[in-house]
Protein chains: 2
Amino acid sequence: MSIVLNAARGGTSAAPFRFSPVIAANAAENARLSLSENLRPLQRISVRMRYGRNETIFGEGDAADHSYKVISGTVRLCKYTGDGRRQIADFVGDGDFFGFLDLADHSFTAEAVTDVILLSYPRSQIDRLGETMPAVRKHVLRLLSENIAAMQRHLVLLGRQTAREKVASFLLRMAERAGLGEGERLDMPIGRQDVADHLGLTVETVCRVLGEFRQKRLVMVPNLQQIVLSNVAALRAVCEG
Amino acid sequence: MSIVLNAARGGTSAAPFRFSPVIAANAAENARLSLSENLRPLQRISVRMRYGRNETIFGEGDAADHSYKVISGTVRLCKYTGDGRRQIADFVGDGDFFGFLDLADHSFTAEAVTDVILLSYPRSQIDRLGETMPAVRKHVLRLLSENIAAMQRHLVLLGRQTAREKVASFLLRMAERAGLGEGERLDMPIGRQDVADHLGLTVETVCRVLGEFRQKRLVMVPNLQQIVLSNVAALRAVCEG
DNA sequence: CGACTGATTGATACGTCTCAAGGATAGTGG
DNA sequence: CCACTATCCTTGAGACGTATCAATCAGTCG
C-alpha cells in the first residue's frame, strides 16, 4: 500500500557529460530523459522538508507513505545487518528522486549525509496522479528501471572488482554525475567511511587506494571535501584491470 | 522504447513457506500477491519459446522488445566485465517473470541454466495492455519494486558478508523459494560455478564451504543436483555471524 | 570404455581486514 | 581568537580470508 523509492536522477540532467561511460550502460543513464519535467505535476502535492546531517529520513521497515525528491544536499540509502554492518546502496543528490518503490514498507533506511532539503510527496497522491496522467506513470516506471540497471552495475562492482577498481569506478561515476571533466574540482560531501560502506571496503582500504592514486598523479586531494581527477584515462584503465 | 525485465516471482506463490525469513524483508517477498493472476491478460499475447542448456536468450545491449515468463527450467541474469569476469544478478525459475525494465536495451544477459521453456511477450503489447488495464500496470510496478528490494538484500550479501554467510544465505533462500522445509530434498540445477558467480566467490571457495557445512551436519549432499538442509536453525545462525 | 566437463581437495600467494597509533580538521566554549 | 575536544582521516604492522594454481576425483555422454 505504500512505496519505497530508490535513486534515479531527474534533475537538471541537460548538463554536458564530458566523460565517456565508465561502464557500458552509463551512457544510457546519462542520456535519460529529463524525468523532472514529466514529474512536474508532483510539485503541487509536495511538502518541503529539512533534515540535519546524519538525521534519519526514514528507516527500513517504516511504513512507506511518502516519496521524495532531493532539492539540496546528499542522502544515503542503506541497509544494516543484525550486527551493525552497513551497506550503502546508493547516494542521491540534487534533483534525484527516491522512495518510489511500490511496497508497503521501506526496504532500506534513508539518512542525511549533509544538511538536506527535500520535497515529500504523499504516495496516495502520486497514485492518484498516475491514474489520469500516463506521463507520470511512465516516468515512475523509467525511474525504477534506471535504478535497477544502476544496481546491477553495482552488483558487478561489489562481487567482481578489486579495491582499486572499486574506488576508480566510484570517482569516475561521481564526476560523471556532476558533469565534470578532467582537472575540475569535484565536490565530495561524502566521508571516507560512507564511501567504504558503499564499495564494500573498509575506511583504511579506501584511504590507502586514494593515497596510491594521489602518488601516481591520477587524482589530487586539495582538501577532504574535494577531489580532482587529473588523469581520467588512467582511472578508466584501472576500472577494467 | 523497450524493456528489460528482472526477476520477481509470480508463479504458484500460494505454496506454503515453512521457513521464517533469512533476511528481514523476505517475509514480505513471500507474502507478495499472486502476480501471475493479474498478469493473466498477457497470456493472450504470448509466444512459447524453447532454449537449450547454456543458450543465450538475449544479451546485454540487445534491443529489449520482449519480456518473459519462465514456464520450466532455470535462467541466469548476468553481466560480464571486459575481461570476462561474470556477476550473476539473479536466477529465475518456474513462474518468475523477467525482462520488464522500461529501457531501450537490455541491461544484462539472460542465459538458460537448464533447458528452458518461456513465454515471450512483445513489449509494445504489454504497454498497450497497461494503458487500459490498471491491474497490469500495478503489477509490473510491483514486480520491479520487489526486484529492487531483492537486489538491495543482495548488495548487502556481496558487500558485507563472509563466504560462509553468503553460502548459508543462498541455501536458505533457495529452499524458501521452493517452499521446502528442513530435511526435504532441494533441487539445485545450478552448478557450483554459477553459485560462485552469484555470490562473488570462486568455485573452490563454494566447494570448501559446502564441504564444511556437510562435515558439521548442516547439510547433506546426496548428489550434485540436490541438497538437503538438515539444520536450518544452524544455517540461519551462520547468516548473521 | 574413454574423453570431457564439473566438482573437490590441497598448498601457497595475495589482497584486504584488523588493530593500533598519530595527524588533520571542525566544532565548542572560554 | 585560541585552546580543547571530538571526529575523521591517514599510515603502519600483522593476521586472516579468499583467490590462485595444480592435481585428483566423480559423473556424464559419446
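Any value given below was found using the heavy atoms of this structure, including those in side chains, with hydrogens, waters and symmetry copies removed. In what follows, chains are A, B, ... by sequence order, proteins preceding strands, each numbered from 1.
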Asker: Between P on D/dT18 and CD on B/Q161, what's the gap in Å once rounded to a whole number?
Answerer: 11 Å
Asker: Taking the side chain as every heavy atom from C-beta outward, state whether A/Y68 and A/D96 have any atom pair closer than 4.5 Å.
Answerer: no
Asker: For B/N54 and C/dT5, give me the distance from atom CG to atom P, rounded to whole Å.
Answerer: 12 Å
Asker: How close or far is atom C1' of D/dT20 from atom CZ of A/R160, stated in whole angstroms?
Answerer: 13 Å
Asker: Among side-chain atoms of A/N231 and A/E182, is any donor-acceptor pair under 3.5 angstrom?
Answerer: no
Asker: Find the distance B/L224:CG to D/dC25:P and express it as a whole number of Å.
Answerer: 16 Å
Asker: Closest to the B/E204 side chain: D/dT10, C/dA7, C/dG10?
Answerer: C/dG10
Asker: Distance check needed: C/dG6 C1' versus B/I190 CD1, whole Å only.
Answerer: 15 Å
Asker: Let me know the distance between CD of A/Q193 and P of D/dT7, rounded to the nearest Å.
Answerer: 14 Å
Asker: Rounded to the nearest 0.5 Å, what's the gap from NE2 on B/H154 to CD on B/Q87? Could you check?
Answerer: 6.5 Å
Asker: According to a strict under-4.0 Å criterion, is B/R214 in side-chain N/O contact with OP1 or OP2 of C/dT9?
Answerer: yes
Asker: Write down the distance between CG (A/L199) and C1' (C/dC17), rounded to a whole number of angstrom.
Answerer: 15 Å
Asker: To the nearest angstrom, how far is B/R192 atom CZ from D/dA19 atom C1'?
Answerer: 19 Å
Asker: Do the side-chain N and O atoms of A/E60 and A/T109 include a donor-acceptor pair separated by under 3.5 angstrom?
Answerer: no
Asker: B/R53 has a side chain; which of C/dA7, D/dC9, C/dG6 sits nearest to it?
Answerer: C/dG6
Asker: Under 4.0 Å, counting only non-hydrogen atoms across every strand here, what does B/L210 touch: a base, just sugar-phosphate, or nothing?
Answerer: nothing
Asker: Which listed nucleotide (C/dT16, C/dT18, C/dT8) is nearest to the side chain of A/T202?
Answerer: C/dT18
Asker: Taking only N and O in the side chain of B/T205, is any of them less than 4.0 Å away from OP1 or OP2 of D/dT18?
Answerer: no
Asker: Between C/dG10, C/dT18, C/dA7, which nucleotide gets closest to the side-chain atoms of A/R208?
Answerer: C/dT18
Asker: Using the side-chain heavy atoms of B/L201, tell me which of these nucleotides is nearest: D/dA19, D/dG27, C/dT16.
Answerer: D/dA19
Asker: Side chains of A/D187 and A/Q226: donor-acceptor distance under 3.5 Å anywhere?
Answerer: yes
